[in-house]
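Okay, so here's the structure we're looking at.
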Amino acid sequence: MKNALIYILFFLMILFVSFTQSRQNTEDRAVSEYPDRIMMCFPGDPSNTIGITWRTDFSIKKALGEITEASPAPVLDNNIIKVTGKSSSWEEGRKEAMGHKVIFTGLKPDTPYVYRVGDGKKFSEWIQFKTASKTEKPFSFIYFGDVQNGIIENGSRNIRQAYAHNPGAAFMLFAGDLVNRSIDKDWQAFFHAGGYLYSQVPCIATPGNHEYYKRPENGKRPFSRHWNQIFINPSNGPFPFKNRVYFVDYQGTRIISLDSFPFILDEAESERQIEWFENVLASNSQNWTIVTFHHPVFSCSRGRDNDGLREIIKPLLEKYGVDLVLQGHDHCYCRGIYIDSIGSHGSGTPVYVVSVAGEKMYGLGPQKMPDQSASLTQLYQIIDINKNTLTFNAYTVTGDLYDSFQLIKFGRGRNLFVENAKVTDIEKRVKIPEQRLERYSKEEMRQYHKLYKQEDLLG
């Protein structure tokens, strides 16, 4: 009996250790009184304002931020500015954790600062960042497509490699579907993937369809109950799209975020987005214009075509000379300049890009040939802007160059497009993911082979 009890205890101990290790692989430390999941955002002018969100356990009801100009010396109490923030449930209607927000304003442009957040007693570490310049100045940023699936297993690798490649990035831009489902487990994985990077490199995020819940409420699919707690974006967007439809002006470039899912759902509220969008484009005085939304104007994966969205948005992109459109959703890569049956409607034609950061992969569509494409490939993109030159480089998760071009501006929306000569020598990754192969008809396979000239199409 004694031996049996020992075996049982030993077995239970093994189960506990296994569970603990598994839990550590998929979760950060349990929510506590100390700040975690710290996120930096642009709630206003990036040259003088920064916003911070974080999480604690539900017992912490106070949000306090402290900030001071950075110096080589350790941070002491001198010249620290204290700002009181706001606190509310981390997830709307629940009490498992508390979310906190603070906005630092009145900062000096182009100046390094350090900040920390907490409740006045329990603080985060001091975190360093630099405000944007008030005037046009060279900068670079990182663009990611869908992280969404396998966030810890494979998304982490991509986000961290991108930052290691470009540690001076002004911000990270996510083109929707940051998570697969807007539940705490998935957001935990997203924060695990980026870790401390989110606290010192601001995020510009646009929502995807997976930031919406699938089960309708009052006839509509409700939006994420976490988004507004995690991100503090500019409040310059239209109702009811506050905090997901907005624009940021950064050192001579206007970045505009749209919520594309309502266009796909054919909801009447989309008209408010379009009216707002056109006004923002028409009043734009920045040198460069970049627009991001989730669903592609020109899809590059099999069986997808967002024709309704394209007919509404494409004419405005061309009329007002948008330079670059950054998208996700299709779980493959494509880049192109498209003038099709809809025609050109104005001063310029943007470069359209679709990319994927996570592990979920679709096959390329056989219906059209983009200028550059890739399947079965995790990518990140580094975009550099220097006066009248925009340089775009797409890299695989292994850090290898895959696509590269420049836009040289000589007028609003009018750019000289120059493809990097190295691109022609890069082996193209266009095989069909094995799990997607059965979805292709014989005619689609024939067309695929004709477009991509691949003997072996199976990935």
Side-chain angles (χ1 to χ4, degrees), residues 136 143 173 175-176 204 206 234 236-239 241 244-300 305-329 334-354 368 370-371 383 385 387-390 392 405-418:
E136 191 172 336
Y143 148 53
L173 186 151
I204 293 179
T206 196
N236 51 27
F239 179 84
F241 300 102
R244 45 191 159 124
V245 175
Y246 59 92
F247 71 88
V248 175
D249 290 340
Y250 194 98
Q251 294 182 185
T253 299
R254 175 160 291 186
I255 302 103
I256 305 171
S257 165
L258 296 177
D259 185 354
S260 61
F261 197 37
F263 292 98
I264 305 303
L265 297 176
D266 194 28
E267 293 188 3
E269 288 98 334
S270 296
E271 295 178 4
R272 299 181 186 180
Q273 278 200 74
I274 286 298
E275 181 181 0
W276 174 88
F277 184 43
E278 184 160 17
N279 288 335
V280 169
L281 290 172
S283 62
N284 182 19
S285 61
Q286 303 297 306
N287 192 30
W288 293 93
T289 307
I290 297 173
V291 178
T292 183
F293 45 83
H294 185 60
H295 296 79
V297 174
F298 293 92
S299 291
C300 56
D305 185 18
N306 305 310
D307 55 344
L309 178 143
R310 180 167 61 251
E311 290 173 5
I312 294 171
I313 291 183
K314 183 174 184 286
L316 294 178
L317 298 172
E318 295 177 353
K319 177 181 178 180
Y320 292 100
V322 170
D323 301 295
L324 187 63
V325 181
L326 305 178
Q327 308 146 107
H329 190 59
C334 60
R335 180 263 293 173
I337 299 175
Y338 300 87
I339 299 178
D340 59 359
S341 59
I342 297 176
S344 180
H345 291 261
S347 62
T349 303
V351 178
Y352 296 90
V353 183
V354 175
K368 61 174 68 72
D371 296 330
I383 299 167
I385 297 178
K387 297 180 180 179
N388 287 334
T389 302
L390 183 153
F392 181 102
F405 65 86
Q406 284 190 328
L407 298 178
I408 301 172
K409 183 172 292 296
F410 59 90
R412 175 53 60 90
R414 297 189 178 278
N415 305 312
L416 174 64
F417 177 89
V418 181

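Remark: N388 engages N287 in a side-chain hydrogen bond (donor to acceptor under 3.5 Å, both in side chains) (not counting sequence neighbours). By the side-chain hydrogen bond (donor to acceptor under 3.5 Å, both in side chains) test, Q406 pairs with T391, sequence neighbours left out. Considering only residues two or more places apart in sequence or on other chains, F293 meets the ring-ring contact (aromatic ring centres under 6.0 Å, His included) condition with none of them.
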Evaluate the criterion side-chain contact (heavy atoms from CB on, under 4.5 Å) for residue pair L416 and L407; output intermediate values, then yes/no. CA-CA 6 Å; L416 174 64; L407 298 178; over 6 Å; no
Can you check side-chain contact (heavy atoms from CB on, under 4.5 Å) on I255 and F247, steps first, answer last? CA-CA 5 Å; I255 302 103; F247 71 88; over 6 Å; no
Working for side-chain contact (heavy atoms from CB on, under 4.5 Å), residues E318 and L316: CA-CA 5 Å; E318 295 177 353; L316 294 178; over 6 Å; no
Under the side-chain contact (heavy atoms from CB on, under 4.5 Å) rule, what do Y320 and T289 come out as? Steps first, then yes or no, please. CA-CA 9 Å; Y320 292 100; T289 307; over 6 Å; no
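Atoms CD1 and OG, on I312 and S270 in that order, are 6.5 Å from each other to the nearest 0.5 Å. For the atom pair CG (D371) and OH (Y352), the distance works out to 12.5 Å, reported to the nearest 0.5 Å. The distance from atom CG of L258 to atom CD of Q273, rounded to the nearest 0.5 Å, is 5.5 Å. Atoms CZ and CD, on F263 and E271 in that order, are 9.5 Å from each other to the nearest 0.5 Å. For the atom pair OH of Y246 and CG of D259, the computed distance is 11.0 Å after rounding to the nearest 0.5 Å. Expressed to the nearest 0.5 Å, how far CZ of R254 lies from CG of L281 amounts to 8.5 Å.
In this structure, a donor-acceptor pair under 3.5 Å is absent between the side chains of D305 and S299. For the residue pair Y250/Q286, the side-chain donor-acceptor check at 3.5 Å is not satisfied.
Remark: side-chain polar atoms of N306 are paired, donor with acceptor, to backbone N or O of P296 under 3.5 angstrom. Side chain of H294 to backbone of G328: no donor-acceptor contact under 3.5 angstrom is found. The closest donor-acceptor contact from the side chain of Q327 to the backbone of V297 lies under 3.5 Å. Side-chain N or O atoms of S260 include one that pairs as donor or acceptor with a backbone N or O of H295 at under 3.5 Å. In this structure a side-chain-to-backbone donor-acceptor pair under 3.5 Å is missing from D323 to I290. The backbone N or O of L326 lies less than 3.5 Å from a partner atom in the side chain of T292, making a donor-acceptor pair.
A pairwise comparison of heavy atoms in W288 and N284 identifies O-ND2, 4.4 Å as the closest pair. Contact detail for V325 and P350: the closest heavy-atom pair is CG2-CB, 3.8 Å. Of all heavy-atom pairs between R272 and F239, the closest is CD-O, 3.3 Å.
Two residues are said to be in side-chain contact when any heavy atoms from C-beta on lie closer than 4.5 Å; F277 and N279 fail this criterion. Side-chain contact check for L317 versus V291: some heavy-atom pair is nearer than 4.5 Å. Considering only heavy atoms from C-beta on, E275 stays 4.5 Å or farther from P238 through its side chain. R335 has its side chain out of reach of P370: every pair of non-hydrogen atoms, C-beta onward, lies at least 4.5 Å apart. Between W276 and I274, the closest side-chain pair of non-hydrogen atoms is not below 4.5 Å. Looking only at side-chain heavy atoms (C-beta outward), H329 and V354 stay at 4.5 Å or farther from each other. Two residues are said to be in side-chain contact when any heavy atoms from C-beta on lie closer than 4.5 Å; V418 and I408 meet this criterion. Within the 4.5 Å cutoff, no side-chain heavy atoms of I256 are placed close to those of V245.
Results of the ring-ring contact (aromatic ring centres under 6.0 Å, His included) test with F417 over F392, F410, F405 single out F405 as the only residue that passes.
The cationic group of R310 lies under 6.0 Å from the six-membered ring centre of F298 and within 45° of the ring axis, placing it in a cation-pi geometry.
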